[in-house]
Structures are given as structure tokens and as C-alpha cells.
Protein chains: 2
Amino acid sequence: MAQNTAIKVNETSRSAVGRDGVLDIAARLFREQRYGSVSLRKIAEAAGIKAGSIYYHFGSKDEIVAAVLDAGIRVVHESMRDAVTDLRADADGETVLRAAIRAHLRALIDVSDYTSANVRIFGQVPQSVRDANLPTRRAYEAEWDSLLSQLKKDGTLKQDVDIRRLRLMLIGTLNATLDWFDPDRGSADALSRTYADVFLNGILQRQDT
Amino acid sequence: MAQNTAIKVNETSRSAVGRDGVLDIAARLFREQRYGSVSLRKIAEAAGIKAGSIYYHFGSKDEIVAAVLDAGIRVVHESMRDAVTDLRADADGETVLRAAIRAHLRALIDVSDYTSANVRIFGQVPQSVRDANLPTRRAYEAEWDSLLSQLKKDGTLKQDVDIRRLRLMLIGTLNATLDWFDPDRGSADALSRTYADVFLNGILQRQDT
DNA sequence: ACGCCTAACTAACGCCTGTTAGGTTAATAA
DNA sequence: TTATTAACCTAACAGGCGTTAGTTAGGCGT
């Protein structure tokens with residue numbers, strides 16, 4: 001399935017990575033190396049072009065970062081919403097929550113350089129870039145709050161849970177995975193099951209024999 | 001309790017912040033502003049000295065960062081160990097675990113710029129500095145693994161929990177707090193209680209009426 | 001009073017950064 | 001065939017970075 005049409009696409013011919021190509025590479029580099037050490041020259045080199053050329057597609061480095069951050073949230077948001085809506089209408093609360101957790105972790109680990117880049121570099125980018133990303137984040141957080149509120153109302157969750165805190169705790173835990181996850185030691189799906197087990201039932205041995 | 005001896009310590013006299021003073025200020029800046037935007041000139045300015053003077057106390061920027069990282073882990077390690085050993089010998093497993101969780105969160109939020117700086121910048125520093133910090137980290141992780149293993153053996157925890165995963169999940173969750181915690185919206189102790197509640201018993205409404 | 005030691009200062013270095021202006025090429029449309 | 005345009009290149013800029021070398025000020029022990 002390699003080079004089907006035109007065996008030699010390159011060879012002094014213009015490669016034309018284009019705006020999307022630059023963005024893909026930037027997302028990959030940000031995920032791999034964090035923010036500080038990813039310069040425009042590194043992005044350009046990885047894209048096979050020169051640093052100045054990036055300014056044909058983007059007005060500034062901040063603009064690139066902002067685009068990566070926004071795409072990152074959009075991907076995980078859609079992934080999570082789709083996972084929930086794809087369930088049969090009669091799915092019980094526990095199943096829904098497990099699906100949402102799995103979808104978030106999948107987007108983070110298996111699917112998207114954009115989402116993992118977002119989680120990795122968000123805390124390192126200039127304040128203005130963070131602010132620009134906030135509305136997109138808020139929308140995703142609202143999706144979680146809405147889901148958790150519904151699960152609380154229908155009796156799936158305990159009545160004394162604080163929705164906001166629970167959401168911050170959940171997403172915080174899931175995102176923290178990036179700091180240590182090694183695909184050689186287990187799959188994202190298996191890990192998401194562990195996460196769900198702990199969050200849903202806790203780790204304490206029950207006394208009810 | 002302010003300026004008891006010598007009302008005017010400064011006033012063109014040498015301020016003498018010293019090595020520890022520089023380190024304290026570096027830790028505070030790293031906690032507040034992350035790694036990339038904290039230059040030696042900023043540290044120096046905050047300390048009331050000039051950038052070059054830092055090289056009297058430290059051989060390189062990496063040396064400063066390494067010192068901050070190490071102190072950060074040592075503080076939280078001691079905090080957690082003391083909290084556990086300070087309990088009465090007959091304290092039950094749940095109490096012990098709750099104390100350990102509270103101690104970690106306290107060190108992170110209330111006590112130490114060094115610990116919070118560690119968590120915030122660890123992922124952003126050069127690889128060599130990260131590597132130098134690893135042994136100290138490993139020792140703290142071993143302390144947790146030891147505690148959790150004991151709680152599993154004595155029947156406090158479920159028998160199917162994976163110690164390593166649980167430890168990664170716990171510390172990951174606690175550390176993620178730094179990304180959103182606002183002292184105006186609640187205390188570290190109250191939050192640690194919520195964390196313990198969720199981890200120990202889960203969020204699912206129980207059916208056992 | 002002297003000399004030493006500690007803790008600072010000044011001034012500069014080479015390097016890397018984001019960014020800009022203007023020129024060049026290849027493909028497409030008329 | 002010619003004109004247009006999208007996508008790139010080249011070369012340079014100012015500014016910030018970590019780091020170094022040499023110098024200076026103040027306090028302590030003798």
C-alpha cells in the first residue's frame with residue numbers, strides 16, 4: 001500500500017506539506033518533547049521545510065500552538081460524546097460512565113497526538129494561548145458535568161458527590177496517565193477498566209459476606 | 001515577630017541571601033511560572049542579586065533545578081512517612097491510608113514550594129536532570145508500595161488490586177490537583193477527604209439496603 | 001592593622017530564539 | 001504561451017539565554 005500513484009513524488013519536486021502537515025508535525029513534536037524545546041526550526045526541519053516558510057501558513061508560533069491545543073480538545077470531546085451516544089438507549093449508568101472513561105483515555109493514548117500534546121504542554125504555553133483555549137475546554141468540561149449530573153439524578157452515583165470535584169478528579173487522573181504510561185506494559189483499554197473499577201467501587205475490601 | 005535584631009539589614013549593605021536563599025526563591029519561581037520562563041536573571045532579580053553571582057553558589061542552572069527537585073521529593077516523603085508512623089500502633093488500615101493521602105496533598109499544596117515545584121516542572125527539565133532525580137523518586141514510590149502492600153496483606157484492600165498501578169493512579173491524581181486547586185474554594189484537608197472517600201469506597205450508589 | 005574569605009558585581013561571549021522582507025520555483029488557468 | 005498564485009527559500013534582525021572571567025566590598029580571626 002506504499003506509493004501507488006507516481007513512484008517518485010519528491011526528488012526536487014515540491015513536497016507541499018501545507019498547513020495541515022505542519023500542524024500534524026507540530027502536534028507530534030509537542031507531544032514528544034514538551035513546549036520549551038520545540039522551536040520553529042525543529043518543526044520546520046521535521047516537516048522538510050525552512051523555518052521562515054512556516055510564516056506562510058501561520059502568523060506566529062502562538063497561532064500554531066493555539067491550533068494544536070484546540071484540535072486536541074475537540075478530538076477528545078467528540079470521542080467521548082460519540083462513545084456515550086453510541087450506546088443503546090437502555091444502557092445503565094455504570095456502562096455509560098465506563099464508556100466515557102475509556103473514550104477519554106483512548107483519545108489521549110491511542111488516537112491523537114493533538115490531545116496528548118494538549119495535556120502535555122497546556123501548562124507551559126503563554127497565558128494568552130491558554131486563555132484562547134479555555135472556551136473549548138469549558139465546553140468539554142460541561143459535557144462531563146452534564147453526564148455526571150444525569151448519573152447522579154438517576155441514582156447511579158451517590159447523592160453526596162460534588163460534580164465539579166468529581167470531574168476535576170476524573171480528568172486529572174486520566175490525564176496524569178501520560179506521565180508514566182508504557183504501551184508495552186498494558187493497553188489503554190485495560191487501564192481504563194482499572195480506572196473505572198477504582199472510581200466506581202473503590203479499593204476497600206467489603207465486609208458484606 | 002518581624003525584624004527583631006537590626007532594623008535595617010539592607011540599605012546598600014550586602015544582602016547575603018546565600019545558597020539557601022537562592023534555592024528558596026528558585027523553588028517559588030518554578031512553582032509559579034514553570035520551568036521555561038524562569039531564567040537565571042529572573043531568579044537573581046527576585047533574590048536581589050545579579051545573574052552572574054549565582055555562579056558563586058551553583059555550577060549551572062541544572063544544578064539549581066536538580067537541588068529543587070530533590071528537596072521537593074524529600075519533603076513529601078518525610079511528610080508522608082511521619083504521618084503514617086505518628087499514628088497509634090492500633091490504627092486501622094483505612095485510617096493509615098487516609099493519613100498518607102492527606103500528608104501528600106498537604107506537602108503539595110500547603111507546605112512546600114519545593115514539592116509543588118517538583119511536580120510542576122519535572123516534565124519540563126532536561127533529561128539528565130530528570131535522571132538525577134529518579135533515585136529519590138524511586139525511594140518515595142517504594143514507601144508507597146510498601147504501605148499499599150501491607151494494607152493488601154492485612155485485608156484492608158481488595159486482593160485483586162495491582163499495587164504499582166494503584167500507586168501510580170493515587171499519586172497521579174493527587175499531583176494533578178496542582179493544575180486546578182484554588183485555596184479560596186476549599187482546604188487541602190477537605191479535598192484529601194474527598195479523594196480518600198472516592199478511592200476507598202467509590203462513587204457508585206450501593207444497592208445493599 | 002593585616003590579610004583572608006565570602007558573597008557579591010560588571011561586562012562580555014556565543015548561541016538560539018521568533019520574526020521579517022524579499023526573492024524563487026512549480027503548477028495551474030486563460 | 002503567458003499570467004497568476006500557492007508554497008517555499010535565503011538572509012538577516014534584535015533580543016534573551018546560560019555562562020565565564022576578572023574585580024570589588026565587607027566581616028572575621030589573628
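Chain letters run A, B, ... following the sequence lines, proteins first, then strands; residues in each count from 1. Reckoned from all heavy atoms, side chains included, excluding hydrogens, waters and symmetry mates.
I43(B) has its CD1 atom 14 Å from the C1' atom of dT19(D), to the nearest Å. Following rounding to the nearest Å, D20(B) (CG) and dA7(C) (P) show an atom-to-atom distance of 10 Å. Atom CD1 in I49(B) sits about 5 Å away from atom P in dA8(C), given to the nearest Å. Residue I54(A) contributes atom CD1, which lies 13 Å from atom C1' of dC9(D) at whole-angstrom precision. To the nearest angstrom, C1' of dC8(D) lies 17 Å from CD of E45(A). As a whole-Å value, the separation of Y56(B) OH from dA8(C) P is 8 Å. In this entry the distance linking CZ of F58(B) with P of dA8(C) reads 11 Å, nearest Å.
Using a 4.5 Å cut-off on side-chain heavy atoms (C-beta onward), D154(B) and L151(B) make contact.
The shortest distance between the side-chain N/O atoms of H57(A) and the OP1/OP2 oxygens of dA6(D) is not below 4.0 Å.
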Contacts under 3.5 Å, N or O only, protein and nucleotides 18-22 of chain C:
unit_1: dG18(C); atom_1: OP1; unit_2: K61(A); atom_2: NZ; d: 2.8
unit_1: dG18(C); atom_1: OP2; unit_2: L40(A); atom_2: N; d: 2.9
unit_1: dG18(C); atom_1: N7; unit_2: R41(A); atom_2: NH1; d: 2.9
unit_1: dG18(C); atom_1: O6; unit_2: R41(A); atom_2: NH2; d: 2.9
unit_1: dT19(C); atom_1: OP2; unit_2: Y55(A); atom_2: OH; d: 2.5
unit_1: dT19(C); atom_1: OP2; unit_2: K61(A); atom_2: N; d: 2.7
unit_1: dT19(C); atom_1: O5'; unit_2: Y55(A); atom_2: OH; d: 2.8

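S60(B) and Y55(B) are not linked by any side-chain donor-acceptor pair at a separation below 3.5 angstrom, with hydrogens and angles left out of the test.
With sequence neighbours excluded, the residues that form a side-chain contact (heavy atoms from CB on, under 4.5 Å) with A27(B) are V68(B), D113(B), Y114(B). Not counting sequence neighbours, R34(A) has no partner by the side-chain hydrogen bond (donor to acceptor under 3.5 Å, both in side chains) test. Taking the side-chain contact (heavy atoms from CB on, under 4.5 Å) definition, one finds that D189(A) meets it with R102(A), R106(A), S187(A), R193(A), sequence neighbours left out.
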Q: Could you please spell out the steps behind the side-chain hydrogen bond (donor to acceptor under 3.5 Å, both in side chains) verdict for D131(A) and Q127(A)?
A: CA-CA 6 Å; D131(A) 291 346; Q127(A) 184 73 41; 3.2 Å; yes

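Here salt bridge (charged side-chain N to carboxylate O under 4.0 Å, His left out) pairs that include residues 35-56 of chain B, with residues two or more places apart or in two chains, number zero.
The main-chain N or O of S112(B) is found under 3.5 Å from a side-chain atom of S116(B) such that the two form a donor-acceptor pair.
Y35(A) and Q124(A) get closest at one heavy-atom pair: N-OE1, 3.3 Å.
Note on the helix from dG3(C)-dC28(D) to dA30(C)-dT1(D): angle between the axes of the first and last five pairs equals 10°, rounded to 10 degrees.
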